[in-house]
Amino acid sequence: MFAITHVDVFDGSSILTNQAILVKGDTIQAVVPMDHASLPQETYDGSGLTATAGFIDVQLNGCGGVLLNTDIRKGTLNIMNQTNLQNGTTQYLPTFITSGNDAMRQVIDMVGDIDNRPAEGILGLHLEGPFISKEKKGAHDPIHIRHLDEMTAYYLADHADKIKVITLAPENTSQSVIDILTEAGITVSLGHTNATYKQLNEKHGITMATHLYNAMSPLGSREPGVVGYVFDKKPHAGIIVDGIHSDFASVRIAHEIMGENLFMVTDAVTPAGTDMTEYDMAGTRGYVTNGKCHYEDGTIAGAAITMIEGVQNLINHVGVSREEALRMASLYPAKALKIDDHYGVIAKGYKANITLLTPNNEVHSVYQMGTKRI
């Protein structure tokens, strides 16, 4: 048992001042006012800091100088986790973009070999592609884009303990295939899709949208498109808050429409958390110019943002409250993944993933599953 003392606690609803967080193992035992706390021998002073639930990044391709697609090994995930912790993220979905079958099987097997994934920050894989639209491929290699057939869907369903989210183009995917995934417990997210509103409305079981606005048919007056569908039906949707993928005003508009169904992602690649200016984006040379990750032809290729930078942008540029920005980085992604019974909140019975912030919203220290990391 240990306690973080004299700390302000954001419990997912409001900020409680001068609290003690009691932790045993990987679980929060209690959050109590200091003047009512019976403290264990081991304590950490959190004076002047705010404790929030550790951030959850649902879409993270790479960071800290590594990219999962170019280096499929546990060491890559270790570097990603360490970079995450420096930026307030305690849990994430390693994201693997469009590739061939052999590489996809390799990454699934590699993640399956990790004994205690939550303790290393891993909630499961996010397969972003290859079952997407060539018309909305973005930075994905069109050579590997293909339709998802039933045989492959059953293979993915058999590995649902390792795969948390699959991003696909619904217009290219049959309902029977979507059903195979959802019945296995995999979250199906629409993304890199050129679907019409009508095509999407004919499908069911799709509960998430990948990087809202980007790589999807836009809202129009006569064709609502994917963006119109998301605004109308309000599935959970991730959004990149770097001011590059979406204007901050567009983020604010989406938040006003979507409310708690909108959560923040980084979609980060190799340079995130570093000062790199060039990188290998799954076999294609990428560049970083004024914070924009791109190919030589200007195509956006991932992001260089971290979760704490996204939180700061939400507060300083989008104009949401500090509390709402923290919810968009923790509670709302937990809700999207249906794990908000154990993640995304600081409260009794929840996993002890805790990020301590300074008054300037900088990361001071992080506890991951009850273990102090930085």
Side-chain angles (χ1 to χ4, degrees), residues 1-57 81-82 84-92 116-123 260 263-264 306-308 311-312 314-315 320-335 337-374:
M1 178 84 77
F2 72 89
I4 304 171
T5 62
H6 303 285
V7 67
D8 293 344
V9 174
F10 177 59
D11 65 357
S13 177
S14 58
I15 294 178
L16 311 173
T17 59
N18 197 27
Q19 301 288 301
I21 306 172
L22 305 180
V23 176
K24 183 176 182 180
D26 65 358
T27 304
I28 297 170
Q29 299 298 305
V31 179
V32 294
M34 278 300 300
D35 56 5
H36 291 89
S38 178
L39 298 176
Q41 184 175 357
E42 185 179 3
T43 63
Y44 301 94
D45 188 1
S47 297
L49 303 175
T50 299
T52 183
F55 305 147
I56 300 171
D57 195 349
N81 185 46
Q82 187 58 40
N84 281 343
L85 294 172
Q86 294 168 2
N87 294 281
T89 300
T90 57
Q91 304 289 307
Y92 72 111
N116 189 0
R117 294 193 289 269
E120 307 208 25
I122 301 166
L123 293 170
E260 67 179 35
F263 60 90
M264 183 177 64
T306 62
M307 287 291 278
I308 189 59
V311 167
Q312 293 164 355
L314 283 168
I315 296 168
V320 304
S321 68
R322 187 192 199 199
E323 292 85 349
E324 182 69 352
L326 295 177
R327 281 188 286 265
M328 289 179 69
S330 55
L331 177 58
Y332 296 166
K335 285 179 176 290
L337 296 174
K338 300 181 178 63
I339 57 171
D340 53 305
D341 55 345
H342 286 98
Y343 295 90
V345 169
I346 295 181
K348 179 180 178 180
Y350 278 72
K351 295 300 181 183
N353 293 305
I354 302 166
T355 294
L356 298 178
L357 300 177
T358 70
N360 293 326
N361 297 310
E362 296 174 345
V363 176
H364 177 275
S365 52
V366 171
Y367 295 82
Q368 184 179 55
M369 303 296 281
T371 300
K372 189 174 184 181
R373 300 297 192 185
I374 64 169

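Distance check, rounded to the nearest 0.5 Å: CG of Leu85 to OG1 of Thr90 gives 7.5 Å. Here the straight-line distance linking atom CD1 of Ile4 with atom CG of Leu49 works out to 9.5 Å at 0.5 Å rounding. Going from atom OG1 of Thr5 over to atom CE of Met34 covers 5.0 Å, rounded to the nearest 0.5 Å.
Checked against ring-ring contact (aromatic ring centres under 6.0 Å, His included), Phe263 has no partners two or more places apart in sequence or in another chain. Judged as a side-chain contact (heavy atoms from CB on, under 4.5 Å), and not counting sequence neighbours, the contacts of Ser14 are Asp11, Leu16.
Ring-plane geometry between Tyr44 and Phe2 is classed as perpendicular, the angle between the planes exceeding 60 degrees on a 0 to 90 degree scale with a lower cut at 30.
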Point to revise | Worked verdict on Ile374 versus Gln82 for side chain to side chain contact (heavy atoms under 4.5 Å, CB included) | key: CA-CA 9 Å; Ile374 64 169; Gln82 187 58 40; 3.9 Å; yes

Exercise for review: Assess whether side chain to side chain contact (heavy atoms under 4.5 Å, CB included) is satisfied between Leu39 and Leu22, documenting all intermediate values.
Suggested key: CA-CA 8 Å; Leu39 298 176; Leu22 305 180; 4.3 Å; yes

Practice item. Output, in order, the C-alpha distance, side-chain angles, deciding distance and verdict of side chain to side chain contact (heavy atoms under 4.5 Å, CB included) for Leu314 and Glu324. Key: CA-CA 9 Å; Leu314 283 168; Glu324 182 69 352; over 6 Å; no

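A side chain to side chain donor-acceptor pair (under 3.5 Å) with Asn81 is found for exactly one of Arg373, Gln86, Glu120, Gln368, namely Gln368. For the pairing with Met1, the side chain to side chain contact (heavy atoms under 4.5 Å, CB included) check across Gln41, Gln29, Glu42 returns one residue only, Gln29.
A donor-acceptor distance shorter than 3.5 angstrom exists from the side chain of Tyr350 to the backbone of Asp340, with no hydrogens or angles considered.
Side chains of Asp45 and Ser47: a donor on one and an acceptor on the other come within 3.5 Å.
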